[in-house]
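Here the structure comes first, spelled out in structure tokens, and everything after it is commentary.
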Amino acid sequence: RSLIDVEGTGYQLSCVRPIRDGVLLRLYNADGNDARQTICLGVQLTEVYETNLLERKTAVVPVEVRDGQTTFSVSMPRHALRTFIMKIKQ
């Protein structure tokens, strides 16, 4: 199981790094498809926030946990970046 699975979404991982609040994830829409995509994570999260490029929280992202796997959905325009802060369940 992958920590972060974006297979089949057309998204690329631009950045994954630990931060004080959890883990920062930055995605790039390399495919150009602006349809809603599901990101799968191999760990349980308590919260996900979308942020601006300065890493300031701008929105809460709904999270779904099923069979120990966390998912959340995101859409973005062609060739756009989206940044998220993920809080991992302890």
Side-chain angles (χ1 to χ4, degrees):
R1 182 186 303 194
S2 298
L3 175 63
I4 302 168
D5 183 3
V6 294
E7 185 175 339
T9 65
Y11 295 168
Q12 294 178 353
L13 297 175
S14 173
C15 176
V16 178
R17 66 179 172 87
I19 58 172
R20 182 176 31 115
D21 293 27
V23 176
L24 182 119
L25 169 67
R26 186 165 290 138
L27 299 173
Y28 170 67
N29 185 352
D31 189 34
N33 182 349
D34 64 353
R36 185 161 289 281
Q37 303 292 336
T38 301
I39 309 304
C40 300
L41 300 126
V43 296
Q44 288 189 11
L45 303 178
T46 58
E47 299 171 305
V48 175
Y49 298 96
E50 187 169 347
T51 73
N52 59 23
L53 288 176
L54 298 175
E55 301 173 12
R56 294 188 180 118
K57 297 173 186 172
T58 59
V60 175
V61 178
V63 173
E64 186 175 323
V65 179
R66 213 179 314 149
D67 300 324
Q69 185 174 33
T70 304
T71 62
F72 66 93
S73 295
V74 62
S75 64
M76 65 179 99
R78 181 179 189 181
H79 305 300
L81 289 169
R82 290 285 189 269
T83 306
F84 303 91
I85 292 175
M86 306 181 302
K87 294 191 176 190
I88 298 174
K89 184 177 181 179
Q90 299 296 323

CG (L24) and OG1 (T51) are apart, to the nearest 0.5 Å, by 6.0 Å
Quick check against the 3.5 Å criterion: does S2 have a side-chain atom that pairs as donor or acceptor with the backbone of I4? no
Reported OG1-to-CG distance for the pair T9 and N33, which is rounded to 0.5 angstrom: 9.5 Å
State yes or no: do L13 and I85 share one hydrophobic cluster built from I, L, V, M, F, W and Y residues joined by side-chain heavy-atom distances below 4.5 Å, directly or via other members? no
Rounded to the nearest 0.5 angstrom, the OH-OG1 distance for Y11 and T38 is 9.0 Å
If two hydrophobic side chains count as joined below 4.5 Å and joins carry through other members, does V48 share a cluster with V60? no
Could you measure the distance from the CZ atom of F72 to the CD atom of E47? Nearest 0.5 Å is fine. 13.5 Å
Would you kindly confirm whether V65 and L3 end up in one hydrophobic cluster when ILVMFWY residues are joined by side chain heavy atoms under 4.5 Å apart? yes
Would a distance-only check, ignoring hydrogens and angles, find a side-chain to backbone donor-acceptor pair under 3.5 Å from T70 to L45? yes
Exercise answer: donor-acceptor pairs, residues 74-84 side-chain atoms, under 3.5 Å, sequence neighbours excluded:
residue: H79; atom: ND1; partner: Y28; partner atom: OH; Å: 3.1
residue: R82; atom: NE; partner: E50; partner atom: OE2; Å: 3.2
residue: T83; atom: OG1; partner: R26; partner atom: NE; Å: 2.7

Taking C-beta and beyond as the side chain, do K57 and D21 meet within less than 4.5 Å on heavy atoms? yes
Quick check on the hydrophobic clustering: are Y49 and L27 connected, directly or via other members, by side-chain heavy-atom contacts under 4.5 Å? no
Summary of salt bridge (Lys or Arg N to Asp or Glu O under 4.0 Å) pairs that have at least one residue in residues 3-20, sequence neighbours excluded: R17-E55
So, for G8 and Q37, which heavy atoms are closest and what is the spacing to 0.1 Å? O-OE1, 4.0 Å
Closest non-hydrogen atom pair between T71 and C40, with its separation: CG2-SG, 3.8 Å
Under the side chain to side chain donor-acceptor pair (under 3.5 Å) test, which residues partner E64, sequence neighbours left out? R66
Are I19 and I39 connected, step by step, through hydrophobic side chains (Ile, Leu, Val, Met, Phe, Trp, Tyr) whose heavy atoms are closer than 4.5 Å? no
